[in-house]
Trainee: 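Can you keep this structure in mind? I'll have questions shortly.
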Amino acid sequence: MATEIDFLREQNQRLNEDFRRYQMENFSKYSSVQKAVCQGEGDDTFENLVFDQSFLAPLITEYDKHLGELNGQLKYYQKQVGEMKLQLENVIKENERSELSRQKLHTQELLSQLEMANEKVVENEKLILEHREKANRLQRRLSQAEERAASASQQLSVITVQRRKAASLMNLENI
């Protein structure tokens, strides 16, 4: 609010200066009444000038001219702001595209790593299956060997018993 008041004061002061300059430049064109008013002093001069309609037209013209300049500046700045908004939107879109590209690349890297990990898991599962099959085969062979050993041991025991009996019979016959 204070800045608006300062701005308006500056505008008023500038317009008063423009008006006084205009009056001095066109002093010869004024009537004697107007000249008397222009040569007055202090704030009364401005008040008298305001009431004299012939002084208002140049003031309004100068004000309109200044207002036109300000409107031109405003349009220029609005155009600049519009262009900056478009540039900002383009930068944002480019950033989004860059971020999406970066995320896509990162996702592809992760997918590649995941595929390699899955391949290793499949390989490991095959190796585990092969080792289980091999262990099962070895277990069966061990069981079969144990059964044969047990059978051979029984047969050996039977043969040993039979030999002892035969040796004992031979000893008996020899006696």
Trainee: Any side-chain heavy atom of Thr61 sitting closer than 4.5 Å to one from Lys65?
Mentor: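 A side-chain contact under 4.5 Å is absent here.
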Trainee: To the closest 0.5 Å, what do you measure between CZ (Arg132) and CD (Glu125)?
Mentor: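 Those atoms lie 9.5 Å apart.
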Trainee: Tell me whether Glu94 is salt-bridged to Arg97, with the criterion being a basic N under 4.0 Å from an acidic carboxylate O.
Mentor: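 So Glu94 pairs with Arg97 through a salt bridge.
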Trainee: Working to the nearest 0.5 angstrom, can you tell me the gap between Tyr63 OH and Gln11 CD?
Mentor: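 Tyr63 atom OH to Gln11 atom CD measures 7.5 Å (nearest 0.5 Å).
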Trainee: Just by distance, with hydrogens left out, do Gln80 and Tyr76 show a side-chain donor and acceptor under 3.5 Å apart?
Mentor: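 Yes.
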Trainee: Go through Val122 and Lys126 one step at a time and tell me if the side-chain contact (heavy atoms from CB on, under 4.5 Å) criterion holds.
Mentor: CA-CA 6 Å; Val122 169; Lys126 285 180 184 177; 4.0 Å; yes
Trainee: Any sub-3.5 Å donor-acceptor pair from Ser157's side-chain atoms to Ser153's backbone N or O?
Mentor: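 Between the backbone of Ser153 and the side chain of Ser157 there is a qualifying donor-acceptor contact (under 3.5 Å).
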Trainee: Taking the side chain as C-beta and beyond, is there a heavy-atom pair between Arg137 and Glu133 under 4.5 Å?
Mentor: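 In contact.
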Trainee: Quick one: pull up CG in Leu129 and CG in Asn124 and give me the separation to the nearest 0.5 Å.
Mentor: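 Reported value, rounded in 0.5 Å steps: 12.5 Å.
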Trainee: If we ignore angles and hydrogens, is there a donor and acceptor under 3.5 Å between the side chains of Glu99 and Gln103?
Mentor: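 Yes, side-chain donor-acceptor contact under 3.5 Å.
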Trainee: Got a donor-acceptor contact below 3.5 angstrom from the Ser112 side chain to the Gln108 backbone?
Mentor: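 Looks like no, no N/O pair under 3.5 Å.
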Trainee: CG of Leu156 to CZ of Arg163: how many Å apart, nearest 0.5 Å?
Mentor: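 Between atom CG of Leu156 and atom CZ of Arg163 there are 8.5 Å.
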Trainee: Going by distance alone, is a donor N or O of one side chain under 3.5 Å from an acceptor N or O of the other, for Gln144 and Arg141?
Mentor: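 There is no such pair between these side chains.
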Trainee: Taking the side chain as every heavy atom from C-beta outward, state whether Asn71 and Leu67 have any atom pair closer than 4.5 Å.
Mentor: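 Counting from C-beta outward, Asn71 and Leu67 do come under 4.5 Å.
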Trainee: Could you measure the distance from the CZ atom of Arg148 to the OG atom of Ser143? Nearest 0.5 Å is fine.
Mentor: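 Nearest 0.5 Å value for the CZ-OG distance: 10.5 Å.
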Trainee: Mind checking the CG-NZ spacing from Leu70 to Lys75? Nearest 0.5 Å is all I need.
Mentor: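 Nearest 0.5 Å value for the CG-NZ distance: 12.5 Å.
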